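Just so we're on the same page: letters track the sequence lines, and every chain starts at 1. The model shown is predicted, which means the values in this text are computed figures rather than measured ones.
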Protein chains: 2
Amino acid sequence: MKRNSRLSSTLHILVHMAEKPERALTSEQLATFIHTNPVVVRRTIAGLRDAGIVTSSRGHGGGWLLGRAPEKISLAEISVALGETLLPFSTEPESPGCLVEQAVIAVLDDFRVAAERLLAEKLDRITLADLTADFRRRFDLIGVSSHAV
Amino acid sequence: MKRNSRLSSTLHILVHMAEKPERALTSEQLATFIHTNPVVVRRTIAGLRDAGIVTSSRGHGGGWLLGRAPEKISLAEISVALGETLLPFSTEPESPGCLVEQAVIAVLDDFRVAAERLLAEKLDRITLADLTADFRRRFDLIGVSSHAV
DNA sequence: GTTTCATGTAACTTAGTTAGTTACGATTCG
DNA sequence: CGAATCGTAACTAACTAAGTTACATGAAAC
C-alpha cells in the first residue's frame with residue numbers, strides 16, 4: 001500500500017467485500033488484496049466501522065462485513081470516515097498580526113469552504129454500488145478471474 | 001514555513017511584492033515575511049519565474065519583481081507554477097490485472113478530472129489583485145503597519 | 001474449559017518527503 | 001576589485017505514514 005492511496009485501497013477492499021456479501025473476510029484476506037499487512041488494514045478501516053460502513057467480529061469465523069447495502073454507502077462517507085482531507089493545502093497563521101497574511105488566509109479559506117462543499121457533493125453521488133457495477137461490466141467483458149496477483 | 005503552506009506562503013510574498021511594485025525585494029526580505037530562509041524562498045518561487053509571474057535579477061540592487069500586473073495573475077497559475085496538486089489522493093495501480101482495482105481507479109480518475117477542472121475554474125477567477133484589495137480593506141480599517149513580526 | 005482463530009491496539013522500526021542549512025559559483029553594479 | 005544578490009547542489013533534520021511485532025481480548029468449536 002503506497003502513500004496517499006488509502007482511499008483507493010479502501011475502495012478496493014470494499015468492492016471485494018460487496019462481491020461476497022454473505023461471507024466475512026478476515027484482515028488477512030483483505031490485506032492480500034492490497035498487498036499489505038493485516039494490522040494496516042485494521043487500522044485503516046477502523047474508522048469505517050465507527051461510521052457503520054463495515055462491521056467486524058472477532059474469534060473463529062470472524063472478520064469484516066459491509067454494514068449496509070452498497071447503494072447506501074457513498075464515497076463521501078468513506079472519505080470522511082478515513083479522515084482524508086480533500087484539499088491538501090494549509091492555511092494556519094504563521095505571522096499573527098500580519099494583515100497581508102490575514103487577507104491571504106481569508107481568501108484561501110473562502111475558496112476552501114466552497115471547494116470542499118463542491119467535492120463532497122460530487123462524492124456523495126457516487127456509491128459503492130456504482131463501483132461494483134463498473135467492476136461487473138469489466139468482468140463480463142473480459143470474463144476472467146476477479147483478482148490477479 | 002510549515003509543511004503544506006507553500007501556496008499561502010507564496011501568496012503572502014506576492015502581496016507584499018504587489019504593495020511595493022517599484023522596488024525589487026531580495027530573497028532575504030521575502031524570507032523574513034514568512035519566517036524562513038532565503039534559499040527556501042528561491043527554491044519555492046523558482047517555478048513562478050519560469051511561468052513569468054515574477055522576475056528575478058542578480059547582483060547589487062537585484063531581487064524579485066512581479067512579472068505582470070496583479071490583475072493578470074490568477075491563483076490557478078500560481079498553484080500550477082508551484083507544482084501543487086489540488087487533490088491529494090493517489091490512483092496508481094498496485095495490482096495490475098485486478099479488475100476490481102481497475103474499476104476503482106477508473107471511477108476515481110473520472111472524479112479527479114472533473115474535480116480538478118472545477119477547482120481550477122474557481123482559482124482562475126481569483127487574482128492577486130483581489131488579495132491586495134482585501135489586504136487594503138483590512139489596512140484601512142485598522143490603520144496600522146502592514147507587517148507584524 | 002481449553003484450543004484455535006480472529007480482532008484491537010500499543011509500541012517500535014523503516015522509508016519517504018520536505019523544509020532548513022551550508023557552501024560556493026555566477027552575475028551585476030558601484 | 002569588492003560587495004550584493006541569485007542559482008543550485010549537497011547535506012541535515014524533522015515529520016509523516018506505512019510496516020512490523022507483540023500481546024491482550026473475545027468468540028466459536030470441540
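Contact between the side-chain N/O atoms of A/S27 and the OP1/OP2 oxygens of C/dT7 is found at a separation under 4.0 Å. Between A/T26 and the phosphate of C/dA6, there is no side-chain N or O to OP1/OP2 separation shorter than 4.0 Å. Phosphate contact (OP1/OP2 of D/dC6, side-chain N/O of B/S57, threshold under 4.0 Å): absent.
Straight-line distance from the CG atom of A/N4 to the C1' atom of C/dT18: 14 Å, rounded to whole Å. The interatomic distance linking B/L82 (CG) with C/dT18 (C1') rounds to 14 Å, in whole Å. Whole-Å rounding puts the B/I13 CD1 to D/dC6 P distance at 12 Å. A straight line from CH2 of B/W64 to P of D/dT5 spans 14 Å, rounded to a whole angstrom. Rounded to whole Å, atom P of C/dA19 lies 14 Å from atom CD1 of B/I45. Taking atom CD on A/E28 and atom P on C/dT4, their separation rounds to 17 Å, with Å as the unit. Put simply, CG on B/L65 is 13 Å from P on D/dT5, counting in whole angstrom units. Going from atom CG of B/L30 over to atom P of C/dA19 covers 17 Å, rounded to whole Å.
Residue-level contact check: B/R43 touches the bases, meaning some heavy atom is under 4.0 Å from a base atom.
Other residues, nucleotides and ligands place more than 12 heavy atoms under 6.0 Å from the NZ atom of B/K2.
Classified by interplanar angle (parallel below 30°, tilted 30° to 60°, perpendicular above 60°), the ring pair B/H12/B/H16 is parallel.
If you check the side chains of B/R112 and B/T91, you find a donor sitting under 3.5 Å from an acceptor. In the model, A/E94 has a side-chain atom that pairs as donor or acceptor with a side-chain atom of B/S5 under 3.5 Å.
For A/V40, whose side chain is taken as the heavy atoms from C-beta onward, the closest listed nucleotide among D/dG19, C/dT7, D/dG7 is D/dG19. Of the listed nucleotides (D/dA22, C/dG8, D/dT5), D/dA22 has the atom at the smallest distance from the side chain of A/V39. Nearest nucleotide to the B/R3 side chain, out of D/dA18, C/dT17, D/dG7: C/dT17. The side chain of A/N37 lies closest to D/dT21, out of D/dT21, D/dC6, C/dT9.
A salt bridge does not link B/D140 with B/R136: every distance from a Lys NZ or Arg NE/NH1/NH2 to an Asp or Glu carboxylate oxygen is 4.0 Å or more.
Between the CD1 atom of B/I45 and the OG atom of B/S27 there is a distance of 6.5 Å, given to the nearest 0.5 Å.
Formation of a donor-acceptor pair under 3.5 Å by the A/E101 side chain with backbone atoms of A/S95 is found in this model.
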Legend entry - Nucleic acid footprint by protein, nucleotides 24-30 of chain D - heavy-atom cut-off 4.0 Å, B for base, S for sugar-phosphate alone: -BBBSS-
